[in-house]
Peer 1: 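Below: one structure in structure tokens.
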Amino acid sequence: MLNEFINSFKSIILASIDENDFPFNSYAPFIKYNNRYYVYLSDMAKHARNLKSNPKVSIFFIEDENNCENIFARKRVIFQANSTIIKRGSDKFESILDKFENLDKKTVKMTRKMNDFNLFELEVNYGEAVFGFGRAYNIGGKNFDELIQRENQKAHTSK
């Protein structure tokens with residue numbers, strides 16, 4: 001259920017910390033590879049500058065409100081992560097950008113030559129998921145791909 005949900009997305013919502021220590025939300029196309037998330041960002045983008053100053057980032061996936069069963073219980077996954085920049089020209093950089101070309105070959109080929117673009121690796125520290133009322137989980141496991149029922153959670157019942 002968790003991987004199927006995440007695999008349905010081509011972009012993620014990022015919450016980074018800005019220069020005033022406030023959260024800043026934006027989005028970026030992403031690649032998931034070897035249990036890490038990757039985003040390719042221009043230095044002109046505020047979230048890229050934020051990640052360079054503070055590596056902490058929240059990754060957010062949320063069900064489209066037009067397709068949800070209940071607006072109060074949209075399916076969502078939140079990960080807390082740390083970011084690092086992958087060195088331009090390294091084997092890892094080239095390999096991950098090759099994968100990004102599957103999303104939009106023309107754009108990636110063009111931006112690949114632009115030195116103001118950086119590849120950020122996002123390594124998850126912990127997470128949580130909500131898949132409806134009374135269906136909230138912590139995310140665990142070696143690869144952060146296992147739903148763990150929260151203790152003391154009562155199933156939702158309607159009268």
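In this chain, residues are counted from 1 in sequence order.
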Peer 1: What I want to find out is whether Glu19 reaches Lys46 closely enough, with some N-O distance under 4.0 Å, to be called a salt bridge.
Peer 2: yes
Peer 1: Between Asp98 and Lys105, is there a salt bridge with N-O shorter than 4.0 Å?
Peer 2: no
Peer 1: Kindly say whether Asp91 contributes a backbone atom to a donor-acceptor pair with the side chain of Ser95 at under 3.5 angstrom?
Peer 2: no
Peer 1: Give a yes-or-no answer on whether the side chains of Asn118 and Asp43 include a donor-acceptor pair shorter than 3.5 Å.
Peer 2: yes
Peer 1: List the atom of Ala48, the atom of Ser42, and the distance in Å for their closest heavy-atom pair.
Peer 2: CB-O, 3.1 Å
Peer 1: Any side-chain heavy atom of Asn25 within less than 4.5 Å of one from Leu14?
Peer 2: no
Peer 1: For Ala136 and Arg150, work out which heavy atoms get closest and say how close.
Peer 2: CB-NH1, 3.5 Å
Peer 1: Between Ile6 and Tyr37, does a side chain to side chain contact (heavy atoms under 4.5 Å, CB included) hold up when you go through it step by step?
Peer 2: CA-CA 11 Å; Ile6 290 171; Tyr37 296 84; 3.6 Å; yes
Peer 1: Return the CD1 to CZ distance between Ile17 and Phe24, rounded to the nearest 0.5 Å.
Peer 2: 11.5 Å
Peer 1: I'd like to know if Val39 and Ile86 are part of one continuous hydrophobic network [Ile/Leu/Val/Met/Phe/Trp/Tyr, side-chain heavy atoms within less than 4.5 Å].
Peer 2: no
Peer 1: For residues Asp18 and Asn20, report the shortest heavy-atom separation together with the two atoms involved.
Peer 2: OD1-N, 2.8 Å
Peer 1: Spell out, yes or no, whether Phe117 and Leu119 are grouped together once hydrophobic residues are joined by side-chain heavy atoms under 4.5 Å, including indirect joins.
Peer 2: yes
Peer 1: Check Glu121 with Lys92, please: is the shortest side-chain N to carboxylate O separation under 4.0 Å?
Peer 2: yes
Peer 1: Measuring centre to centre across the rings, with the benzene-like ring taken for any Trp, is Tyr27 within less than 6.0 Å of Phe60?
Peer 2: no
Peer 1: So if you build clusters from Ile, Leu, Val, Met, Phe, Trp, Tyr with side-chain heavy-atom gaps below 4.5 Å, do Phe133 and Ile71 land together?
Peer 2: yes
Peer 1: Side chains of Ile62 and Ile78: closer than 4.5 Å at any heavy-atom pair?
Peer 2: no
Peer 1: Passes side chain to side chain contact (heavy atoms under 4.5 Å, CB included), Ile59 versus Ile12? Steps please.
Peer 2: CA-CA 7 Å; Ile59 305 169; Ile12 54 178; 3.7 Å; yes
Peer 1: Strictly below 4.0 Å, N to O, side chains only: are Arg74 and Glu63 in salt-bridge contact?
Peer 2: no
Peer 1: Measure from the side-chain N and O atoms of Asn54 to the backbone N and O of Lys56, and report whether any donor-acceptor pair falls under 3.5 Å.
Peer 2: yes
Peer 1: Let me see the working for Ile85 and Lys52 under side chain to side chain contact (heavy atoms under 4.5 Å, CB included), right down to the final yes or no.
Peer 2: CA-CA 8 Å; Ile85 295 176; Lys52 284 183 166 185; 3.8 Å; yes
Peer 1: Quick check: closest heavy atoms across Ile139 and Asp145, and the distance to 0.1 Å?
Peer 2: CG2-N, 4.2 Å
Peer 1: For Phe30, run the ring-ring contact (aromatic ring centres under 6.0 Å, His included) check against Phe61, Phe79, Phe120, Tyr40 and tell me which one passes.
Peer 2: Phe61
Peer 1: Please tell me whether Phe9 and Phe5 form a close aromatic pair, meaning their ring centres lie under 6.0 Å apart.
Peer 2: yes
Peer 1: Is the distance between the ring centroids of Phe144 and Tyr126 under 6.0 Å?
Peer 2: no
Peer 1: Please identify which of these residues, Lys106, Met114, Lys113, meets the side chain to side chain contact (heavy atoms under 4.5 Å, CB included) condition with Met110.
Peer 2: Met114
Peer 1: Is the shortest heavy-atom distance from the side chain of Tyr137 to the side chain of Ile148 under 4.5 Å?
Peer 2: no
Peer 1: Which atom names give the shortest non-hydrogen contact between Pro29 and Phe100, and what distance separates them?
Peer 2: O-CE2, 3.8 Å
Peer 1: With no hydrogens and no angle check, is any side-chain donor or acceptor of Ser83 less than 3.5 Å from a backbone partner on Leu122?
Peer 2: no
Peer 1: Kindly work out whether a path of hydrophobic side-chain contacts (I/L/V/M/F/W/Y, heavy atoms less than 4.5 Å apart) joins Tyr38 to Val108.
Peer 2: yes
Peer 1: Starting from Met1, can I reach Val130 by hopping between I/L/V/M/F/W/Y residues whose side chains sit under 4.5 Å apart?
Peer 2: no
Peer 1: May I ask you to say whether Glu94 pairs ionically with Arg112, meaning some side-chain N is under 4.0 Å from a carboxylate O?
Peer 2: yes
Peer 1: Measuring only between side-chain heavy atoms, which start at C-beta, is Lys32 closer than 4.5 Å to Asn3?
Peer 2: yes
Peer 1: Starting from the C-alpha separation in whole Å, work towards a yes-or-no answer on side chain to side chain contact (heavy atoms under 4.5 Å, CB included) for Val57 and Asn82.
Peer 2: CA-CA 6 Å; Val57 61; Asn82 286 319; over 6 Å; no
Peer 1: State, without any angle test, whether Ser26 and His47 hold a side-chain donor-acceptor pair at a distance under 3.5 Å.
Peer 2: yes
